[in-house]
Amino acid sequence: MKSLGILFFVLLGVIVGAWLWPEDQQLSSIISPTPTPPEVSPSVSVTPSPTSASPTSTSPAQSATPEASKNYTITIRSSGVSPQELTIRPGDSVTFVNESAEGAWPASDPHPSHTLCPFFDADKRMAIGETYSVTFPRAQTCSFHNHTNPSSAFKGVIRVQ
């Protein structure tokens, strides 16, 4: 009986605390406050440089900056996928484009559990013209297959280095 009384007062405290908590106050800012960014002088202006399709030369100071993530495309056809092997960097994305009338479901090996790279699973059959994109967060090798027809020519490997 004593533990029920304690439980009652704990629940009462939670309810009253939630009722009194300011609506605009976020709990995450109380738990882990974010630092205030330093003030920037009004005379400082940052303008993004225009992007171009052709590569530009970089100075040694710029080469130390990490490259922006890239997006690669793998095309799904009745005869298989193209390219079958792809080497990318962590943070890069791969978009699967279905040009096969049969439908496709890209997923990591092994079939049917997809545990090699569990984040890599379209989780549904793609119709013709549909796309599925996946970002690879870390260095690893992810072989893949068509979940709806694992014995088909739709197989490949993505190496993240």
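Model, not experiment: these values are computed from the prediction. Each residue takes its place number in the sequence, starting with 1.
We find the CG-SG distance between Leu86 and Cys142 to be 11.0 Å, quoted to the nearest 0.5 Å. Here the OG atom belonging to Ser93 is positioned 10.5 Å from the OH atom belonging to Tyr72, to the nearest 0.5 angstrom. Atom CD1 of residue Ile76 and atom CZ of residue Phe96 lie 6.5 Å apart, to the nearest 0.5 angstrom. Distance check, rounded to the nearest 0.5 Å: CZ of Phe136 to OG1 of Thr141 gives 10.5 Å. Of the inter-residue distances, the one linking Gln84 atom CD with Ser143 atom OG reads 12.5 Å to the nearest 0.5 angstrom. Summarising the geometry, atom OG1 belonging to Thr148 is positioned 8.0 Å from atom CH2 belonging to Trp105; distances are rounded to the nearest 0.5 Å.
If you check the side chains of Thr131 and Thr95, you find no donor sitting under 3.5 Å from an acceptor. In this model, a donor atom of one side chain and an acceptor atom of the other lie less than 3.5 Å apart for Asn149 and Ser151.
Between Gln140 and Cys117, the closest heavy-atom pair is NE2-SG, 3.3 Å. Val81 approaches Lys155 most closely through the heavy-atom pair CG2-O, 3.3 Å. Contact record, Asn71 with Val94: OD1-N, 3.7 Å, taken as the closest heavy-atom pair. The two atoms that bring Ala107 and Asp121 nearest to each other are CB-OD1, 3.9 Å, heavy atoms only. In terms of heavy-atom proximity, Ser100 sits nearest to Ile128 at O-CB, 3.8 Å. Taking every heavy atom of both residues into account, Phe144 and Val157 meet most closely at CE2-N, 3.5 Å.
Using the six-membered ring where Trp is involved, His147 and His111 have ring planes that are tilted, between 30° and 60° apart. Between His145 and His114, the ring-plane angle classifies as tilted under the 30° and 60° cut-offs.
Ile88 and Tyr132 fall within a single hydrophobic cluster, where Ile, Leu, Val, Met, Phe, Trp and Tyr are joined by side-chain heavy atoms under 4.5 Å apart, directly or via other members. When the side chains of ILVMFWY residues are joined at heavy-atom separations under 4.5 Å, either directly or via intervening members, Val134 and Phe154 end up in a single hydrophobic cluster.
The shortest distance between side-chain heavy atoms of Ile158 and Ile74 falls below 4.5 Å.
For the pair Asn146 (side chain) and Pro106 (backbone), a donor-acceptor distance under 3.5 Å is absent. Listed for the Asn98 side chain is a donor-acceptor partner under 3.5 Å among the backbone atoms of Ala127.
By the 4.0 Å N-to-carboxylate-O rule, Glu102 lies too far from Arg77 to be salt-bridged with it.
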For Glu85 and Arg159, what are the C-alpha separation, side-chain angles and deciding distance, and is it a side-chain contact (heavy atoms from CB on, under 4.5 Å)? CA-CA 8 Å; Glu85 294 186 23; Arg159 289 181 186 83; 3.2 Å; yes
